[in-house]
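Each remark here refers to the structure printed beneath this line.
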2 protein chains.
Amino acid sequence: MDKHNLSPASFIGVQGKDIISFGSGQPDLPPPKEVYKILPHYSDFKYGLIQGQENLRNALSKQYPHSTADSFVITNGASEALDLTLRVISSYDHHLPKKVLITKPYYYSYPHMIKFAGMEPVFVNTKNGRIDMDDLRVKIGGCRAIIINSPSNPTGRVEAVDSLKEIEKIAQAQGTYILSDEVYKDLIYVRENYLIEGPHVVTINSFSKTYAMCGFRVGYLWSLDSKLVNDVISIKTHTSMNTNILGQEMAYEATKVPRKFIDDQLIIWEERRNLLYNGLKEMGFDLWNPEGAFYMMPKVDNALDFVWDLYKNYSVISYLGDWFGSPGRVRFSYALDVEKIEMGLSKIEDYLQTKKGA
Amino acid sequence: MDKHNLSPASFIGVQGKDIISFGSGQPDLPPPKEVYKILPHYSDFKYGLIQGQENLRNALSKQYPHSTADSFVITNGASEALDLTLRVISSYDHHLPKKVLITKPYYYSYPHMIKFAGMEPVFVNTKNGRIDMDDLRVKIGGCRAIIINSPSNPTGRVEAVDSLKEIEKIAQAQGTYILSDEVYKDLIYVRENYLIEGPHVVTINSFSKTYAMCGFRVGYLWSLDSKLVNDVISIKTHTSMNTNILGQEMAYEATKVPRKFIDDQLIIWEERRNLLYNGLKEMGFDLWNPEGAFYMMPKVDNALDFVWDLYKNYSVISYLGDWFGSPGRVRFSYALDVEKIEMGLSKIEDYLQTKKGA
């Protein structure tokens with residue numbers, strides 16, 4: 001591993017009982033047991049519909065307003081939903097240039113996906129980890145699409161409902177596509193999720209975070225823009241065909257799991273959040289109040305040294321803010337159990353003490 | 001359904017006991033039972049490696065020369081392997097223009113995939129359903145990549161080994177990427193498969209045809225061009241992440257199934273091929289000798305009327321040659337049982353008699 005060439009990929013596969021990882025963004029607790037129940041008697045093998053299994057899309061249509069099964073496409077995780085949507089939007093004759101507005105800090109894949117789709121990212125500033133609406137009003141005029149990610153990976157912040165409503169209005173008025181990446185919508189500690197709506201809104205979601213089904217790669221998009229939905233299906237017909245049929249059946253089982261599963265998970269996440277947030281605050285870190293998802297992002301002097309030294313000398317993994325367009329900060333995920341969070345905090349404290357003494 | 005707007009998608013979901021479909025290109029016989037054996041006790045759920053599960057890549061490395069697990073990327077079917085490879089090649093600074101040579105007739109997704117990746121298809125003629133090498137020598141000079149599909153969907157033909165060897169040489173000399181789509185390599189009736197090799201060869205394969213695992217979407221690419229392999233992993237990190245982990249474990253089980261499974265399948269395919277080929281020949285159709293895969297492509301006068309009337313009046317599905325860049329022909333798949341093939345042949349005969357009488 002090379003200090004000056006670190007990336008999230010550097011830490012993939014780094015395991016061991018001494019490692020405490022605040023790095024990876026995946027739930028550590030298992031999916032609801034119901035999703036495995038169908039496995040013993042499963043025997044299908046043929047291609048499924050490109051758009052996705054009908055039972056799963058029907059179940060989802062009950063969760064979204066004005067919807068039918070036709071309003072959804074089931075994809076290989078939220079990633080593929082975003083990638084296909086961006087490729088389709090990039091292919092359109094449209095009066096606005098091929099630019100996509102994203103916040104800074106951003107989810108680290110966004111700029112890559114936008115460029116892979118032949119478009120250009122434009123960065124809107126944040127204020128206290130939320131969209132700076134003054135800056136947005138200046139920049140959105142030149143953008144064909146905007147990606148909203150609330151709750152946000154990496155900031156753990158939730159956008160103000162007023163901001164989202166204003167963005168809905170501006171976008172509708174100028175014909176801008178809103179891609180609302182809501183994969184953390186069931187992990188909000190401060191209010192109900194606000195579902196962004198409009199004629200050119202594409203909502204992206206997945207079973208990875210809510211139901212801990214990351215490895216099965218079942219995501220989806222929901223949109224009332226039927227042309228866009230059909231264009232996504234057209235491209236997926238050629239680029240990957242149907243999403244794994246068994247993963248979709250497991251996801252369908254997840255849709256039947258009582259709401260209590262999500263509520264119980266939220267209690268666990270909130271306990272961890274409080275523990276890590278209070279621990280970091282007590283050590284004097286300057287950080288935003290984490291309102292959703294399972295990340296927080298303190299300011300850190302010499303962030304690269306911090307990430308490197310903590311890993312090399314204390315076996316504690318954290319992610320560099322630079323990877324998310326946010327130099328001077330570090331991202332902590334709290335997708336690990338309370339005992340490990342406590343051990344991690346104590347190691348960070350040791351490290352800070354050592355540095356002070358040096 | 002609209003006669004003048006037919007596409008393969010028109011026939012998706014068309015089912016019923018009276019329907020005889022020579023349309024869809026998927027095996028009707030189930031996968032080896034071993035692939036389902038792991039399901040009852042499966043409990044994983046976390047992200048896998050983007051490149052693919054190590055056990056599966058290790059198993060594959062024993063099937064390809066000079067290989068390690070690092071020479072493979074596991075993808076959402078052969079489709080995603082092709083799509084990602086084309087996107088990577090399109091992104092390169094390269095002395096050759098963004099053009100990709102494909103045969104005509106072609107697999108119907110190729111031109112779409114090439115365009116989606118920002119490149120342009122160039123069509124090389126075929127002679128008796130195989131690459132016309134005179135035409136290839138003229139056209140390959142201006143192409144950054146060539147896609148070879150032997151055995152071919154839709155022609156059912158297998159390229160001459162001499163042609164493949166010459167293409168290897170030309171491609172190596174001028175730095176052209178060869179994308180060898182070998183998904184039908186285990187369904188050849190006339191010779192062993194010839195594995196195309198070279199420094200910029202990308203071999204595409206899947207578990208869909210050999211092991212009838214279409215719906216699980218497990219494909220892969222193999223290449224000794226390590227830069228390209230790493231670039232594919234980089235893009236997949238953002239566009240879809242790992243391939244479904246359970247599908248990969250099922251595919252791993254398939255790699256352990258004795259060779260006898262494939263040999264037994266081949267006997268079944270050959271019997272069907274002979275039945276359909278002889279039946280069509282006896283009716284006077286002009287068609288290439290089918291040497292691999294499970295397709296044949298007779299010449300048909302008024303192909304659109306043929307496809308439409310057969311479906312509307314006889315419930316027999318066949319695919320229009322136009323969809324594969326081959327007007328005046330019709331594609332028949334023989335992925336259906338002997339009894340149905342016989343019924344289908346008799347209905348085609350009825351149709352031809354009626355037309356003669358008219």
Side-chain angles (χ1 to χ4, degrees), chain A residues 8-9 12-13 24-28 30-31 35-36 38-50 75-77 79-80 82-84 87 91 108-113 115-116 118 208 211-218 233-247 250, chain B residues 8-9 12-13 24-28 30-31 35-36 38-50 75-77 79-80 82-84 87 91 108-113 115-116 118 208 211-218 233-247 250:
Chain A
I12 287 177
S24 171
Q26 70 178 319
D28 53 314
V35 308
Y36 296 101
I38 55 159
L39 296 186
H41 306 292
Y42 192 82
S43 64
D44 285 356
F45 60 93
K46 294 197 173 182
Y47 286 121
L49 294 176
I50 308 291
T75 54
N76 292 298
S79 307
E80 192 196 28
L82 268 166
D83 181 50
L84 295 178
R87 291 174 87 175
S91 76
Y108 77 102
S109 283
Y110 290 160
H112 297 282
M113 296 174 112
K115 286 178 206 161
F116 288 145
S208 296
Y211 297 104
M213 290 175 61
C214 294
F216 299 107
R217 313 300 307 126
V218 184
I233 297 167
S234 286
I235 180 168
K236 187 166 163 61
T237 301
H238 303 294
T239 59
S240 72
M241 309 187 71
N242 65 268
T243 298
N244 181 295
I245 48 172
L246 182 46
M250 294 172 77
Chain B
I12 288 177
S24 171
Q26 69 179 322
D28 54 314
V35 307
Y36 296 101
I38 55 160
L39 295 185
H41 306 292
Y42 192 81
S43 64
D44 285 356
F45 60 92
K46 293 197 175 183
Y47 286 121
L49 294 176
I50 309 292
T75 53
N76 291 299
S79 307
E80 193 196 28
L82 268 166
D83 181 50
L84 295 178
R87 292 175 86 175
S91 76
Y108 77 102
S109 283
Y110 290 161
H112 297 283
M113 296 173 112
K115 287 177 205 161
F116 288 145
S208 297
Y211 297 104
M213 290 174 62
C214 294
F216 299 106
R217 313 301 306 126
V218 184
I233 297 167
S234 286
I235 180 168
K236 187 166 162 63
T237 301
H238 303 295
T239 58
S240 72
M241 310 187 71
N242 65 267
T243 299
N244 181 295
I245 48 173
L246 182 44
M250 294 173 77

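The chains referred to below are lettered A, B, ... by the order of the sequence lines, with proteins before strands, and numbering in each begins at 1. Please read these numbers as outputs of a predicted model, since none were measured by experiment.
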Would you call B/R217-B/E80 a salt bridge at under 4.0 Å N-O?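 No, B/R217 and B/E80 are not salt-bridged.
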[X] versus chain A, heavy atoms under 4.5 Å apart: side chain, backbone, both or neither?
{"X": "B/P27", "result": "backbone"}
{"X": "B/Y42", "result": "both"}
{"X": "B/L84", "result": "neither"}
{"X": "B/D83", "result": "side chain"}

Please state whether the side chain, the backbone, both or neither of A/Y47 comes within less than 4.5 Å of a heavy atom of chain B.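 For A/Y47, backbone and side chain are both near chain B.
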Can you tell me how far [atom2] of [Y] sits from [atom1] of [X], rounded to the nearest 0.5 angstrom?
{"X": "A/Q26", "Y": "B/M241", "atom1": "CD", "atom2": "CE", "answer": "8.5 Å"}
{"X": "A/M250", "Y": "A/Y36", "atom1": "CE", "atom2": "OH", "answer": "5.5 Å"}
{"X": "A/M213", "Y": "B/N244", "atom1": "CE", "atom2": "CG", "answer": "8.5 Å"}

Taking C-beta and beyond as the side chain, do B/H238 and A/Y110 meet within less than 4.5 Å on heavy atoms?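 No, side chains not in contact.
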B/N76 side chain reached by B/K236 side chain, heavy atoms, under 4.5 Å: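 B/K236 reaches B/N76 side chain to side chain.
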Counting heavy-atom pairs under 4.5 Å to chain B, which of A/V218, A/D44, A/L82, A/T243 comes out on top?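 Looking at each of A/V218, A/D44, A/L82, A/T243 in turn, A/D44 comes out on top.
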Please determine, among A/D28, A/T237, A/I235, the option with the most heavy-atom pairs under 4.5 Å with chain B.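 Among the listed options, the one with the most contacts to chain B is A/I235.
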Flag the one option from [options] with the top tally of heavy-atom pairs under 4.5 Å to chain A.
{"options": "B/P31, B/S24, B/G247, B/G77", "result": "B/P31"}
{"options": "B/T239, B/T75, B/L39", "result": "B/T239"}
{"options": "B/G48, B/C214, B/P8, B/S234", "result": "B/C214"}
{"options": "B/S208, B/S43, B/A9", "result": "B/S43"}

Can you name the nearest heavy-atom pair linking B/S79 to B/M113, along with the distance?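 For B/S79 and B/M113, the tightest heavy-atom pair comes out as O-CE, 3.1 Å.
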Considering all heavy atoms, the nearest A/V35-A/I38 contact: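 Closest approach of A/V35 to A/I38, heavy atoms only: O-CG1, 3.8 Å.
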